[in-house]
Amino acid sequence: QVQLVESGGGLVQAGGSLGLSCLASGRTFSSYTMGWFRQAPGKERDFVASISRSGGSTYYADSVKGRFTISRDNAKNTVYLQMNSLEPEDTAVYYCAARSGGNYYYTVRQYDYWGQGTQVTISS
């Protein structure tokens with residue numbers, strides 16, 4: 001089992017940047033595919049990005065491709081989401097998620113573990 005704790009959310013103006021971190025507990029972080037999702041008020045939780053266990057492969061939703069970057073540091077049990085050129089439409093609670101094994105997962109059901117979320121608000 002793994003526990004996830006996100007940090008780094010906040011309020012930023014449109015066009016700005018923000019970096020999120022997700023610290024995972026346990027000794028087997030490198031065995032988990034990691035993902036970031038987001039949920040805006042009244043909407044479903046949507047896939048943002050995913051990264052393979054080694055960090056060698058990354059995948060993005062079309063809406064964030066070219067603006068967001070997912071990365072991981074297995075020595076620090078941490079996955080990151082760097083968000084640039086932020087838009088008001090990026091406003092949401094951002095969640096970190098983990099799934100043992102595999103390489104690429106992009107739906108909520110595919111992930112077994114979730115963090116509590118961190119609020120990201122983009123002002124226009």
Thr33 and Ile51: side-chain contact (heavy atoms from CB on, under 4.5 Å), yes or no, with the steps?
CA-CA 6 Å; Thr33 294; Ile51 188 165; over 6 Å; no
Could you check Thr91 against Val120 for side-chain contact (heavy atoms from CB on, under 4.5 Å), going step by step and ending with a plain yes or no?
CA-CA 5 Å; Thr91 295; Val120 172; 6.0 Å; no
What heavy-atom pair brings [X] and [Y] nearest, and what distance separates the two atoms?
X	Y	answer
Asn84	Ser17	OD1-OG, 2.9 Å
Ala92	Ala40	CB-N, 3.8 Å
Ser52	Asn103	CB-OD1, 2.9 Å
Asp90	Ile122	CB-CG1, 4.2 Å
Ser100	Tyr32	N-CD2, 3.5 Å
Ala98	Val2	CB-CG1, 4.1 Å

Quick one: do [X] and [Y] end up in the same hydrophobic cluster if we chain Ile, Leu, Val, Met, Phe, Trp and Tyr together by side-chain heavy atoms under 4.5 Å apart?
X	Y	value
Tyr80	Val48	no
Val79	Phe47	no
Trp114	Tyr106	yes
Tyr113	Leu20	yes
Met83	Val12	yes

Atom pair [atom1]/[atom2] of [X] and [Y] - distance to nearest 0.5 Å:
X	Y	atom1	atom2	result
Thr118	Trp36	OG1	CH2	7.5 Å
Tyr95	Gln39	OH	CD	5.0 Å
Phe37	Leu81	CZ	CG	12.0 Å
Asn74	Ser54	CG	OG	8.0 Å
Arg72	Thr58	CZ	OG1	12.0 Å
Met34	Leu4	CE	CG	5.0 Å

Assess the residue pair Val64 and Glu87 against the criterion (side-chain contact (heavy atoms from CB on, under 4.5 Å)); give the C-alpha distance rounded to whole Å, side-chain angles, the decisive distance to 0.1 Å, and a yes or no.
CA-CA 10 Å; Val64 306; Glu87 304 167 352; over 6 Å; no
Filter on disulfide bond (SG atoms under 2.5 Å apart), then keep only pairs touching residues 13-98, sequence neighbours left out; what's left?
Cys22-Cys96
Members other than Val5 in its cluster, when Ile, Leu, Val, Met, Phe, Trp, Tyr link by side-chain heavy atoms under 4.5 Å?
none
Could you check if a side-chain atom of Leu11 sits within less than 4.5 angstrom of a side-chain atom of Gln119, using non-hydrogen atoms only?
no
Answer yes or no: are there more than 12 heavy-atom neighbours, outside Tyr59 itself, under 6.0 Å from its atom OH?
yes
Using side-chain contact (heavy atoms from CB on, under 4.5 Å), reason through Glu6 and Leu23 one step at a time and then give a plain yes or no.
CA-CA 6 Å; Glu6 302 97 335; Leu23 177 63; over 6 Å; no
Any pair counted as salt bridge (charged side-chain N to carboxylate O under 4.0 Å, His left out), so long as it reaches residues 40-60, sequence neighbours left out:
none
Exam field: side chain Asp73 to backbone Thr78, donor-acceptor pair closer than 3.5 Å:
no
Lys NZ or Arg CZ of Arg99 over Tyr111 ring: under 6.0 Å, within 45°:
no
Kindly assign one of parallel, tilted or perpendicular to the pair Phe68 and Tyr94, based on the angle between their ring planes and the thresholds 30° and 60°.
tilted
